[in-house]
Structure formats: structure tokens, C-alpha cells
*Asks:* 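Before I ask anything, here is the structure I am working with.
What you see is a predicted model; the values in this text were computed from it and never measured. Naming convention: chains lettered A, B, ... in sequence-line order (proteins, then strands); numbering from 1 in each chain.
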Protein chains: 2
Amino acid sequence: MSSFAPTEQRLDVTLGKYREFPRQPAVLVRLVKHLYKQIHDEANAILRPYGLNHPEYNILMMMYGTPDNAMNPSQLSDAAGEKSANVTRLTNQLCDKGLIARTASEDDRRKVTLTLTDEGTALIESFLPGISMLLLQQTGNLTTDEQGQLEKLLKKMLEGFPA
Amino acid sequence: MSSFAPTEQRLDVTLGKYREFPRQPAVLVRLVKHLYKQIHDEANAILRPYGLNHPEYNILMMMYGTPDNAMNPSQLSDAAGEKSANVTRLTNQLCDKGLIARTASEDDRRKVTLTLTDEGTALIESFLPGISMLLLQQTGNLTTDEQGQLEKLLKKMLEGFPA
DNA sequence: AGTATATAGTTCATAACTGAATTATCAATA
DNA sequence: TATTGATAATTCAGTTATGAACTATATACT
């Protein structure tokens, strides 16, 4: 019995009770949730020895993935998929840990610039091998072709949500 | 520019900095996270007038999707994809709201039985039309065939995680 | 039968997340 | 130029989620 079977059985019974129930969409939504939870938990576990949790890691990686290791909170919010209040909280924590620095922006006084410190960059580079292996493992059940298809379908589904 | 483009650009730059970075798996994981967040936020918004949030709704729907509207917390934990401590917390809240009842199990003294009340069932049936429409809308960008493919691929990916 | 191990669910303290309000700043409009 | 509307980020109080510990109970082993 797969880990999704209990959920799917509940959806089947629901369809029996309420004939208009959109079973297929519900299955998809539930699969996304289950997957997210697994991904999140595994990431938290592997990042713990580095003194980080999954959302903090996500923030750091988004910053690392810029030419100059710098972003402002709104950009981070979009790229990391976190709400602005949470970006503030997470970046406060990363600042406290000395992994990023916060400075005022010169061209727009409303803006803040967040920059990876050398310590932050070093930490990222220290966990990248482990995280890379985890990512490969998490998707290892899919062939390269299947991964490409999945990417295409997930993007298409995501495009249906308001930006 | 799609809502995923900022994220994807960051992953592209990351690959430039760290050549072993598994970009494709990282894209998939990020897509799942973004999707989950959108689904979660939209569900919370539509359920708010019913005095429920997304995780509470998930619990209720799993119970509704049983022949006798009853489950124990471990079954719920599996089916709803919530940790046991959270199942306790969520079901306490649903009990307080009069939507479920908690009784001791007869065959196993360690077990608890959680059952939908009439009020709980009525509430579910009152939001089912709205939720159904939301589910259809959330997956509306995909054809029926694509939805089937996506289900298959998500299940395959999920099967790669420890149960 | 007695002991060791596993299970079910809860508690509790801590950490994480959120929505609404806020202030300063920028951009658009009249 | 003055006013209006939008944006950026933060604060704050309340809500949600979690890991570890715990107790009672069931199961497995000796």
C-alpha cells in the first residue's frame, strides 16, 4: 500500500457521497500537499546540522542565485514564494546569524538591500553537496524525460493561478 | 513574465556558480512549493467565511470520505498528511467548534475515535459546491489528459519518499 | 509469566507563519 | 504644484506547526 492510498480512498468515498465532487482535481491538490510536506521535512532534517531550516535555506539559495548575491525583500518574496512579513522575519534571523547583511538602497529610499556575507556564502557552499544529493534523491524515481514532463505540467498548472 | 520566472532565473544562476547543482530537481521542488502555497492560500480564503482554515478542512474532508464518518487520529495523520501533534491540535479545535466528537475506542484502549457530528456534516455539505468550483478552477489550465499524466507523475515522485 | 519493544495519542514549550495596520517614499494624476 | 494612489518593508498580536517527552496500552520476545 502506497503512502497516498489512504488519501485516495477517502476521495473515492467522497465522490460516492457527493456526485459533483471533482475527484481528479482533488487528487492533484492532495498529491501536491503530500509531496510538499515530504520535501519540507527532508530538507529540514538535512539542514539542521547547519543551523538552518528549509525556508531560511530557500532564502539563502535565492540570494546565491543572483550575480551579486544581493536582493531586496520584495524580490525575495517573489522568488522564494514567501510572504513579505515572513521574509522580514526570516531575513532578520539570517542577519542575526551573520549570514546576510541589510543595507538601505540608494536609488529608492523605501527599499532595502539584502546581501550574502562571506560567511553566508561559505555556509551555502558547505551544504551544497548534501543538498544536491538530496534533490537528486527526491526526484530519483522519475526518469529525465518524466522530470521534463512534470516540469511542464506543474508550470502549466501554476500559470492558472493569479500572479 | 510568469510568477515562476524569478525563481527559475535564480536557479539558472546557481548552476553557473556551482556546476554540480541539480537544476532540474531543484526546479521541480520549487514548483511544488509554489503550487502548494497558492493552493493553500486560495483554500484559506474561500473557507474563511465558514470559520475554517485549510488544514481543518482537510481533516473534515478525510473524515467525510469514510463510510461511517469516523477515523482515529493515526489514520487521519496518514490521510490528511499532518503530524500527530498537529492532528491533536486541529481535532481539538474541530471538537470545540462542535464539528466532530471524540470518543474512546472499544477494541483498543490506546485508540481514540473521531466522528463527524451532524453539524460537521452539514457544514461540509454547505461548502462543497464552493470548494468543488475552486478545485476545478485550480486545475482548469490543464486538459483532462494532462491532469491524468500529472497525477501519474506526482504519484511516481511521491513513491520515491519513505512511507 | 515476565520483560522488552512498539504503538496511540497527548502535552508542552518553542518556533514558524500570517493578516492587518503602519510609516515613509515614490509615481501618477489633476 | 498639490493631491491621490501605489509601493516597500516592518511591526505586532494572534494563530499555526513542530519536536521531544510522556503515559497508557498492546505486541513481541524470552
Side-chain angles (χ1 to χ4, degrees), chain A residues 6 33 36-49 51-59 70-97 100-115 163, chain B residues 6 33 36-49 51-59 70-97 100-115 163:
Chain A
K33 176 188 161 48
Y36 177 65
K37 180 172 172 291
Q38 297 283 348
I39 288 163
H40 181 69
D41 286 351
E42 287 192 355
N44 275 332
I46 209 171
L47 291 162
R48 203 174 187 178
L52 294 176
N53 63 37
H54 190 211
E56 285 173 325
Y57 148 82
N58 279 336
I59 296 277
M71 285 177 99
N72 52 50
S74 298
Q75 289 175 323
L76 265 178
S77 179
D78 288 341
E82 295 287 350
K83 303 199 173 174
S84 62
N86 215 27
V87 165
T88 299
R89 187 183 65 83
L90 290 166
T91 54
N92 282 348
Q93 285 177 328
L94 294 169
C95 271
D96 291 347
K97 290 171 183 177
I100 67 172
R102 182 180 262 120
T103 51
S105 174
E106 282 141 13
D107 43 300
D108 183 338
R109 300 262 289 279
R110 297 170 302 180
K111 292 202 177 194
V112 163
T113 301
L114 300 161
T115 313
Chain B
K33 175 188 162 50
Y36 176 66
K37 180 174 172 288
Q38 296 284 348
I39 287 163
H40 181 70
D41 286 352
E42 286 192 355
N44 275 332
I46 208 172
L47 291 162
R48 202 170 186 180
L52 295 176
N53 63 36
H54 190 210
E56 285 171 327
Y57 147 82
N58 280 336
I59 296 279
M71 286 176 98
N72 52 50
S74 299
Q75 289 174 322
L76 266 179
S77 179
D78 289 341
E82 295 287 350
K83 303 199 174 175
S84 62
N86 216 27
V87 166
T88 300
R89 186 181 65 85
L90 290 167
T91 53
N92 282 349
Q93 285 177 329
L94 293 170
C95 271
D96 292 346
K97 289 171 186 179
I100 65 172
R102 181 180 259 118
T103 52
S105 174
E106 283 143 12
D107 41 304
D108 183 338
R109 301 260 291 278
R110 296 170 302 177
K111 292 201 178 195
V112 162
T113 301
L114 300 162
T115 313

*Asks:* With the side chain of A:Val112 defined as its heavy atoms from C-beta on, choose the nearest nucleotide among D:dA9, C:dT11, C:dC26.
*Replies:*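 For the A:Val112 side chain, the nearest candidate turns out to be D:dA9.
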*Asks:* Which heavy-atom pair separates A:His40 from A:Pro55 by the least distance, and what is that distance?
*Replies:*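 Closest heavy-atom pair between A:His40 and A:Pro55: CE1-CD, 4.2 Å.
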*Asks:* Nearest-nucleotide wise, let me know which of A:Thr113 and A:Asn44 is further upstream toward the 5' end of DNA chain D.
*Replies:*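 That would be A:Thr113.
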*Asks:* May I ask you to test the B:Lys83-B:Arg89 pair for a side-chain heavy-atom distance under 4.5 Å?
*Replies:*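 They are not in side-chain contact.
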*Asks:* Using atom NZ of A:Lys97 as one end and atom P of C:dA15 as the other, report the distance to the nearest whole Å.
*Replies:*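 Distance, rounded to whole Å: 11 Å.
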*Asks:* Heavy atoms from C-beta onward define the side chain here; which of C:dC26, C:dT7, C:dG9 lies closest to that of B:Arg110?
*Replies:*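 Of the options given, the side chain of B:Arg110 lies nearest C:dT7.
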*Asks:* Tell me which of A:Glu106 and B:Arg102 sits closer to the 5' end of DNA chain C, going by the nucleotide each one is nearest to.
*Replies:*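 Nearest nucleotide further toward 5': that of B:Arg102.
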*Asks:* Taking atom CG of B:Asn72 and atom OG1 of B:Thr103, what is their separation to the nearest 0.5 Å?
*Replies:*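 Going from the CG atom of B:Asn72 to the OG1 atom of B:Thr103 covers 10.0 Å.
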*Asks:* Kindly compute the distance separating CE (B:Met71) from CD (B:Gln75), expressed to the nearest 0.5 Å.
*Replies:*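 So the gap between those two atoms works out to 5.0 Å.
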*Asks:* How close do B:Arg102 and B:Cys95 get, counting heavy atoms only, and between which atoms?
*Replies:*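 Looks like NH1-SG, 3.8 Å.
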*Asks:* How long is the line joining CG of A:Leu47 and P of D:dG19, in whole Å?
*Replies:*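 Distance check: A:Leu47 CG to D:dG19 P gives 13 Å.
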*Asks:* Would you mind reading off the distance between A:Ile59 atom CD1 and C:dA16 atom P, rounded to a whole angstrom?
*Replies:*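 Result: 13 Å.
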*Asks:* Do any N or O atoms of the protein come closer than 3.5 Å to N or O atoms of nucleotides 13-17 of chain D, and which pairs are they?
*Replies:*
from, atom 1, to, atom 2, distance (Å)
D:dT16, OP1, B:Asn53, ND2, 2.6
D:dT16, OP2, B:Gln93, NE2, 3.1
D:dA17, OP2, B:Asn86, ND2, 3.4
D:dA17, OP2, B:Arg89, NH2, 2.3

*Asks:* So which heavy atom on A:Thr91 is nearest to which on A:Leu76, and how close?
*Replies:*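 Scanning both residues completely, I find the closest heavy atoms to be CG2-CD1, 4.0 Å.
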*Asks:* Whole Å only: how far is the NE2 atom of A:His54 from the C1' atom of C:dA16?
*Replies:*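 The distance from NE2 of A:His54 to C1' of C:dA16 comes to 14 Å, rounded to the nearest Å.
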*Asks:* With rounding to the nearest 0.5 Å, note down the distance linking CZ in B:Arg48 to NE2 in B:His54.
*Replies:*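 Going from the CZ atom of B:Arg48 to the NE2 atom of B:His54 covers 15.5 Å.
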*Asks:* When the distance from CG of B:Asn92 to P of C:dA8 is rounded to whole Å, what number comes out?
*Replies:*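 Those two atoms, CG and P, are 19 Å apart.
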*Asks:* Measure the spacing between CD of A:Gln93 and CD1 of A:Ile59 and express it to the nearest 0.5 Å.
*Replies:*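 Nearest 0.5 Å value for the CD-CD1 distance: 10.5 Å.
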*Asks:* Looking at CG of A:Leu52 and CD1 of A:Ile46, how far apart are the two atoms once the value is rounded to the nearest 0.5 Å?
*Replies:*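 CD1 of A:Ile46 is found 12.0 Å from CG of A:Leu52.
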*Asks:* Is there a side-chain contact between B:Arg48 and the phosphate of C:dG19, meaning an N or O under 4.0 Å from OP1 or OP2?
*Replies:*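 Negative; the distance criterion is not met.
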*Asks:* Five pairs at each end of the helix from C:dA1-D:dT30 to C:dA30-D:dT1: take the axis at both ends and give me the angle between them to 10°.
*Replies:*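 If I round to tens, the end axes sit 30° apart.
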*Asks:* Within residues 71-79 of chain B, find the residues that approach DNA chain C with a heavy atom at under 4.0 Å, and present them sorted by residue number.
*Replies:*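 Going residue by residue through residues 71-79 of chain B, the ones with a heavy atom under 4.0 Å of DNA chain C turn out to be B:Asn72, B:Pro73, B:Ser74.
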*Asks:* Within the side chain of B:Ser77, is there an N or O that forms a donor-acceptor pair under 3.5 Å with the backbone of B:Glu82?
*Replies:*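 Answer holds: yes.
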*Asks:* Just verifying a value: how many Å separate B:Thr113 OG1 and B:Ile100 CD1, rounded to the nearest 0.5 Å?
*Replies:*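 So the OG1 of B:Thr113 and the CD1 of B:Ile100 are separated by 11.0 Å.
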*Asks:* Is any side-chain N or O of A:Lys83 closer than 4.0 Å to OP1 or OP2 of C:dG19?
*Replies:*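 Indeed, a polar side-chain atom of A:Lys83 lies that close.
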*Asks:* Between A:Ser84 and B:Leu114, name the one whose nearest nucleotide on DNA chain C is closer to the 5' end.
*Replies:*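 Nearest-nucleotide comparison on DNA chain C picks B:Leu114.
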*Asks:* Tell me: CZ of A:Arg109 to C1' of D:dA8, nearest whole Å?
*Replies:*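 Atom CZ in A:Arg109 sits about 14 Å away from atom C1' in D:dA8.
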*Asks:* Between D:dA9 atom C1' and A:Asp107 atom CG, what is the distance in whole Å?
*Replies:*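 Interatomic distance, CG of A:Asp107 to C1' of D:dA9: 15 Å.
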*Asks:* Between B:Glu56 and B:Leu90, is any pair of side-chain heavy atoms under 4.5 Å apart?
*Replies:*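 B:Glu56 vs B:Leu90: side chains touch.
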*Asks:* Output the rounded distance in Å from CG (B:Asp108) to C1' (D:dT27).
*Replies:*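 Going from CG in B:Asp108 over to C1' in D:dT27 covers 10 Å.
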